[in-house]
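Below: the structure, in structure tokens.
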Amino acid sequence: MLYQRWVDAGYFTADVDSDKPPFTIVIPPPNVTSSLHIGHAFEHSLIDAVTRRKRMQGCETLWLPGMDHASIAVHALVEKQLADEGTDRREMGREAFVERVWQWKNEHGGKILGQMRRLGDGVDWTREAFTLDEQRSRAVQAMFKRLYDDGLIYRAERLVNWSPALRSGLSDAEVEHKEVEGELVSMRYGAADDSGPSIVVATTRVETMLGDTAVAVHPDDERYAAMVGTEIELPLTGRKIPIIADKHVDPKFGTGAVKVTPAHDPNDFEIGQRHNLPMPTIMDEQGRIADTGTEFDGLDRFEARVAIREALRAQGRIVAEKRPYLHSVGHSERGNEPIEPRLSLQWFLNVDGMAKAAGDAVRSGEVAINPPELAKRYFDWVDNLHDWCISRQLWWGHRIPVWYGPNGEMVCLGPDDEAPAGEGWRQDEDVLDTWFSSGLWPFATLGWPEQTPDLARFYPTSVLITGYDILFFWVIRMMMFGIYGMEQPPFRTIALHGMVRDQYGKKMSKSRGNTVDPLLWVDQYGADALRFTLLRGANPGADVPVNEEWVDGSRRFGTKLWNATRFALSNGATVADPVPAREELTDADRWILDRTDALVSEVDGQFENFEFAKLSEALYHFVWDEFCDWYLELAKVQIAEGEARAAATRPVLGHVLDVVLRLLHPLTPFITESLWTTLTGQESLVVADWPTATGAPADATAAARIDAVQRLVTEIRRFRSDQGIKPGQAVRAQLSGGFEVGISDHERAVRVLARLDEPGEAFAPTASIEVALPTGTMTVRIDTSGAIDVAAERKRLAKDLAAAQKELGQTQGKLDNPKFTSKAPAEVVAKIEARKQTAVADIDRITAALAALPQE
RNA sequence: GGGCGCAUAGCUCAGCGGGAGAGCACCGGCCUUACAAGCCGGGGGUCGUAGGUUCGAAACCUACUGCGCCCACCA
């Protein structure tokens, strides 16, 4: 349909000006496991708007669409399906598993693609990404090899966040800390009674005591000074462990003595390293107690916690228990189970130099972060980055390209290297963290490590538009890899948006039940309405609340635009004829043309700053308030005036609509496409030129006259409304005064807009309204054909009087203050003085009008 | 525990040193030939609290209160 036409019309193959810089944008991947999320619709709206404008400006645009995380998500989804079927993926083998994944992709890819299409984008996300898999693997392997050869990747036995359910290590970023109600158990080590030396330690994880290799106290803690250096018996095991002094211990917490389990606690690991303690691992990869030689071997960690506590209790060693004890425990982001610190052999990336460079790129201004306030967060993260554990013990993802030989050889292979043949060689079983491959996005998608023409032309990319929530995970990694691999940061600008929230600003979540399916809204209100709603709420870096009613409001805006265009077209609006010279135009024409020009520069400027909310608002008010409510009404009068006037008005209508539709196109592509092609008869708005402001000075006189007309008409309408005169009912009236501002030229318009007939014969005014205009007071004498509602009129005037008196009080107060008149800038004082004069005049006028009212 | 951010109309948010704004909601009147998915008019806020800076503060500073987010190894 319409969308397809754009593609056919050349949205992706349009001829471009070669002198314009190319515009490259990185597309964050959608999550395909759930139905399309509103957050993706939001992000897509922003990206598409920015790109469409660039294309209209003549830039060669390129999206770098991605599916990497999504691809990973599919793997996870398939694994879950397998689990539901009772199949253990470990037993089916890697090849069979991958086969299942492809099966899923083949079944669902088309559907997802269809959903994306309905949102009006032109990129075949799914297919793109899946065909990129192989190429991506080459990039990953090349990058790994390079880092490895540079000595930045190393293998080490470290404490990692271990997920027993996934049987894999996790990066810090994948761990979520949650407050949980646990228990704090204090237990006695050493002698169970007073027969010998003992020491009391406290823990929330009793089961780890089996792996204790020391008890630590603070070096300055006099209570234990005598015991430091001695050994004490570890209950249940019979092992003797030393009492050591380490300044990590907080003497004020608990008893001031800490059990040390180096293989199962990050702090203890450090203490263990400092004191050269043994580091026995007491749990297997599924979180079961193992290799302790005690009766607890084989127990799950949580069962063991209870069993060991009770065993200690039986020995009278439990001296205190606090339950519930609120403390923070790391949970796996995916499985939502408590992670277990575990000692294991992992691959690490030394990020010191890369992180520094990533920070400096922003510090130097080479890369801009929008909004700038969020740069602080970026620095917080980048300046405190620890070495990154890049290995995962998962079954999906890019395998670590390291091979081990039968005699202890270890070789790292690049993408073009042959895998070593021969008996006994095997590849490392681990795969790389998702973010390792995702971090290569900006150049891997352009063909790196090959030096492709695309890479030369489109790297570095122009802008990354993504959510602030992903700044740490993804952006920082792309920055590091880009600078390392391409010697240039991957983007010139990082534009961050917020999260889509519900109408009360609450986070959307399944448990809260406030999620929305954007496709339902698209079906019901149209893609344009959804996009406009999202864009209209998009202040840089801030969250975006959405609500179905607001989407409906956006749809009404589209309808308004539709009707306005329809009306203009039916009255001959055209772009075929040039807009007549200024001197042939009316004040209304000049005013709306000037306003249009101002709108162009405003919208254009806001686009540069990613101020989507502001530019949407400007367009909304221009279309609705200025164009529809005033100019179209004035144009009706002009068209009715005769053919000459009408002929001059038509190109103005056409021009204003032409510009507005172009400006709106990035926000609401569908409706503008339809209206614009009808208006102009041209092929497609997608490849039209972006408007540029003329920069010509606005006609201040015309603007002032139109402003006067608006104020006059509004005052008369207000009087009519207060007097209960039906809007459709014309009343006779006589206008006088205020002509020096050119109102006389517009009397006809005022009469039409305010429904005033000529006074005619036997004109007997029953009321008069005075409207203060910049250069004089306009008097409107009205024949209401009967007695006026004096009470209503008195109320109306009293309200105006009160406002004027308040204004007088405020301005007079300032002017009476000598400090104000002497210290404030002259123009401010002059302005206040002018306001005061206006207030005085208003009070005189209104007071007189009140006095003239008949007494009741 | 550390850091950051936000408190403005019933709701969601702009404004960020010189006249309190928008959308929606609300009240009243209109089927006025582009549009009732509309038009016209209107009501509504001591800008979180308390101090300070300034001729002048919603805006700048300080403290407090209440929310939100991020980071974090507290046994």
Side-chain angles (χ1 to χ4, degrees), chain A residues 159 172 177 184-186 201-205 208 216 248-250 253-261 265-270 327-328 330 341 373-374 376-377 380-381 384 468-469 471-472 498-499 501-507 525 533 536-537 539 541-547 549-550 552-571 613-614 617 620-621 628-629 632-633 636 713-714 717-722 724-730 752-755 799 806-807 810-811 813-814 817-825 827-829 831-832 835:
Chain A
L159 216 54
D172 290 347
H177 287 265
L184 182 66
V185 178
S186 300
V201 295
T203 182
T204 53
R205 291 158 64 214
T208 62
H248 162 76
V249 180
D250 177 5
F253 186 93
T255 58
V258 182
K259 62 191 277 300
V260 181
T261 323
D265 183 277
N267 286 317
D268 295 1
F269 179 74
E270 284 176 26
H327 64 137
S328 177
E373 304 90 82
L374 285 173
K376 205 180 296 176
R377 279 200 193 184
D380 281 351
W381 178 259
N384 297 308
Y468 60 69
D469 61 326
L471 186 62
F472 310 130
M499 306 294 112
R501 294 178 172 256
D502 74 5
Q503 59 189 304
Y504 302 112
K506 297 288 181 206
K507 201 187 260 184
Y525 305 100
T533 305
R536 203 179 176 193
N539 288 300
D543 291 339
V544 186
V546 292
N547 168 326
E549 286 177 15
W550 304 344
D552 190 47
S554 297
R555 197 208 55 197
R556 291 206 296 270
F557 174 62
T559 306
K560 187 76 178 173
L561 186 67
W562 183 276
N563 283 321
T565 307
R566 193 163 59 111
F567 169 76
L569 287 172
S570 71
N571 280 282
K614 288 190 175 66
E617 205 63 16
Y620 182 95
H621 284 291
C628 290
D629 286 352
L632 281 187
E633 296 304 322
K636 285 178 189 172
V713 168
T714 300
R717 284 170 174 169
R718 185 170 159 233
F719 169 83
R720 293 177 52 119
S721 182
D722 288 347
I725 301 169
K726 306 288 186 217
Q729 180 193 343
V752 172
L753 297 189
R755 303 260 162 187
K799 181 168 175 274
K806 188 182 170 197
E807 176 79 350
Q810 283 181 349
T811 52
K814 288 197 179 201
N817 182 350
K819 286 180 180 170
F820 171 74
T821 49
S822 63
K823 292 201 172 187
E827 66 266 26
V828 173
V829 177
K831 199 174 160 192
I832 299 290
R835 279 172 52 195

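Convention: sequence-line order gives letters A, B, ...; per-chain numbering from 1.
In terms of modelled atom types and a separation under 3.5 Å, the side chain of A/Arg835 and the main chain of A/Glu807 share no donor-acceptor contact.
A/Arg556 has a side-chain polar atom (N or O) that falls below the 4.0 Å cut-off from OP1 or OP2 of B/rG38. At B/rG5, one or more side-chain N or O atoms of A/Lys376 fall inside 4.0 Å of OP1 or OP2 (strictly under the cut-off). Applying the 4.0 Å criterion to OP1 and OP2 of B/rU12, one finds that A/Lys506 has every side-chain N and O outside that range. Checking the phosphate oxygens (OP1, OP2) of B/rA14, a side-chain nitrogen or oxygen of A/Asn539 falls inside 4.0 Å. Not one side-chain nitrogen or oxygen of A/Lys806 sits closer than 4.0 Å to the OP1 or OP2 atom of B/rG19. Dashed line: the shortest gap from a side-chain N or O of A/Lys823 to OP1 or OP2 of B/rC55 is under 4.0 Å. Regarding contacts with the backbone of B/rC30, a side-chain N or O of A/Lys726 is found under 4.0 angstrom from either OP1 or OP2.
Base engagement by A/Glu633 is indicated by at least one non-hydrogen atom pair under 4.0 Å involving a base atom. Across all strands shown, A/Val260 has no heavy atoms under 4.0 Å from either base or sugar-phosphate atoms. Within 4.0 Å of A/Lys636, counting heavy atoms only, lies at least one base atom of the nucleic acid. Within the nucleic acid shown, A/Arg835 comes within 4.0 Å of at least one base atom, counting heavy atoms only.
Rounded to an integer number of Å, the gap from A/Phe719 CZ to B/rG29 P is 19 Å. The distance between atom CG of A/Asp629 and atom P of B/rG23, rounded to the nearest whole Å, is 11 Å. Between A/Tyr504 atom OH and B/rC24 atom P the separation is 17 Å, expressed in whole Å.
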